[in-house]
Amino acid sequence: MLDANHNLFNIRADDVLIDLLTDSGTSALSARQWAGIMEGDEAYAGSKSFYRFEQTVREITGLGHVIPTHQGRAAEKILFTIAGGEGKIVPNNTHFDTTRANIEMSGAEAVDLPVPEGVLPSSEGDFKGNIDLEALENLFRQKDQQNIPLGMLTVTNNANGGQPVSMENIRKMSELCHAHGIPLFLDACRFAENAYFIKLREPGYGDRSTREIAQEMFSYVDGCTMSAKKDGLVNIGGFLAVNDDDLAQKARNILVVTEGFPTYGGLAGHDLEAIAQGLEEVLEESYLKYRIRSVAYVGEKLSQLGVPIFRPPGGNAIYLDAKAFLHHIPPREYPGHALACELYLHGGIRSCEIGSVMFGKTDPLSGAFQPAKLELVRLAIPRRVYTQSHMDYVVECVGEVFDKRDTLKGMRIVSEPPVLRHFTARFEPL
Ligand SMILES: *Cc1c(COP(=O)(O)O)cnc(C)c1O
């Protein structure tokens, strides 16, 4: 830990027993995906694999222009190079870290408008990932529409407990945005998990297939950014998909300079095959049923031990509520980071702080500290990797750390980079 400067991103994976750092790019590929990889067409331009990928994305999203990128943030970078800039404002239910960073790097402002119950870890609710439509309407009223290039909705809401967004919320946001002439984009990383929650929880969707539900979700939007490392069930890849011809043209112009030719965009032909196959498999209901149920299992076991978690269990992860877990450690001493470090030291489990290290700010001049809304530790569960007995071990370890919680101490940041500090900051225990 000393060598790693108390930053779990610096730990060698070989030194981790159960790796719950992220569910991004950590899925196991299926036999059919490997078979697709063998068949990948590596033509520079117009490969067969690209057309299979393009057709699959079009069938699910209904969006006309499909632009492959090496991962989700590359799609964000291209989108906000075009749509961002000084004075612009981009609202979202909750921006993910890379989305926020790409918007802010363009000079624009990223605004989070989660529903009020969405930021209360202990409240129950079917769709705590929803955007606050009233707050959005106020924003549209107060600001010049010219300065709002697009609205965004992250499904599921990864930075907010992995909570789903309802179809009603997507539809109403779409109506509101379009009434103001503002396009709506989905941050679609976990669209299939979100679709399955709609099927389980939203009246009228129980008998619809998750594919149909996903198609309806996309029918309300003008574009999406996607990290295929999540619900694409692959280790690398992403895309930007849009309907607007002019925007697509501008995006492809940037793509050629920064990613690659428009029919591969920073990926190998075999990667495009694996994504196309993954997008089919991720909508299979037997897969989704197992996925959502196995995450809920971990949540139930932890709740039975009295461990405070973000309720109810989300789609991709269980989020420990570090503020309640370690209420003797104030946000400025990073309780989430302290807990994540202890889980590693105690049980070799790697998790990820999603709190004031990731989203808090320290003014470099005055030293003034602005905490994040929530102090969470995400136990992200890779897809198709761990078994129930692995998860039983995790539950046991978290329970043991919970029992000795009073002995844990806070952390301080020794040095940090200007953006996305959680990846490379150096820490010291207090
Ligand atoms: C992972 C993620 C991204 C960024 O995708 P990368 O492939 O990691 O670049 C954007 N938004 C959300 C919600 C994510 O979970």
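Ligands are counted one by one from 1 in listed order, and the atoms in each one are counted from 1 as well.
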Handout entry: Under 3.5 Å: N/O of T98 near N/O of ligand 1
Key = no
Exercise for the section: Could you tell me whether K301 and D392 make a salt bridge, using a distance below 4.0 angstrom between a side-chain N and a carboxylate O? Expected result: no
Exercise for the section: Identify, by atom number and element, the atoms of ligand 1 in contact range of K229, meaning under 4.0 Å from any of its heavy atoms. Expected result: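 Numbered from 1, ligand 1 contributes 7 (O).
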Problem - No-hydrogen, no-angle side-chain donor-acceptor test under 3.5 Å, E285 and T210 - result: yes
Problem - Ring geometry between F423 and F9 (parallel below 30°, tilted from 30 to 60°, perpendicular above 60°) - result: perpendicular
Handout entry: Check ion pair R190-D23 (N to O, under 4.0 angstrom)
Key =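 Counted as a salt bridge, because a side-chain N and a carboxylate O are separated by less than 4.0 Å.
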Handout entry: Contact check: T156 vs ligand 1, nitrogen or oxygen atoms, below 3.5 angstrom
Key =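 Checking ligand 1 against T156, no N or O pair falls under 3.5 Å apart.
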Handout entry: K230 N/O under 3.5 Å from ligand 1 N/O
Key =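 For ligand 1, there is an N or O atom that lies under 3.5 Å from one belonging to K230.
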Practice task
Look at atom 10 (C) of ligand 1 and find which of M152, E76, M226, R100 reaches it with the closest heavy atom.
Solution key: E76
Problem - Test item: L186 and F191 side chains (from C-beta on) under 4.5 Å apart, heavy atoms - result: no
Handout entry: atom 11 (N) of ligand 1: nearest protein contact (heavy atom, Å)
Key = D187 OD2, 2.7 Å
Exercise for the section: Identify, by atom number and element, the atoms of ligand 1 in contact range of Q71, meaning under 4.0 Å from any of its heavy atoms. Expected result: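 Taking each heavy atom of Q71 in turn, ligand 1 has 6 (P), 7 (O), 8 (O), 9 (O) under 4.0 Å.
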Practice task
Answer yes when R378 and E353 have at least one side-chain N-carboxylate O distance shorter than 4.0 Å, and no when they do not.
Solution key: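 No.
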Handout entry: Closest candidate by heavy atom, reference atom 12 (C) of ligand 1, pool G162, C189, G25
Key =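 Comparing heavy atoms across G162, C189, G25, the nearest one to atom 12 (C) of ligand 1 lies in C189.
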Problem - For atom 8 (O) of ligand 1, the protein heavy atom that lies nearest, with its residue and separation - result: R73 NH2, 2.9 Å
Problem - Any N/O pair G72/ligand 1 closer than 3.5 Å - result: yes
Exercise for the section: Heavy atoms only: give me the nearest Q71-T69 pair and the separation to one decimal. Expected result: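 In terms of heavy atoms, the two residues are closest at O-OG1, 2.9 Å.
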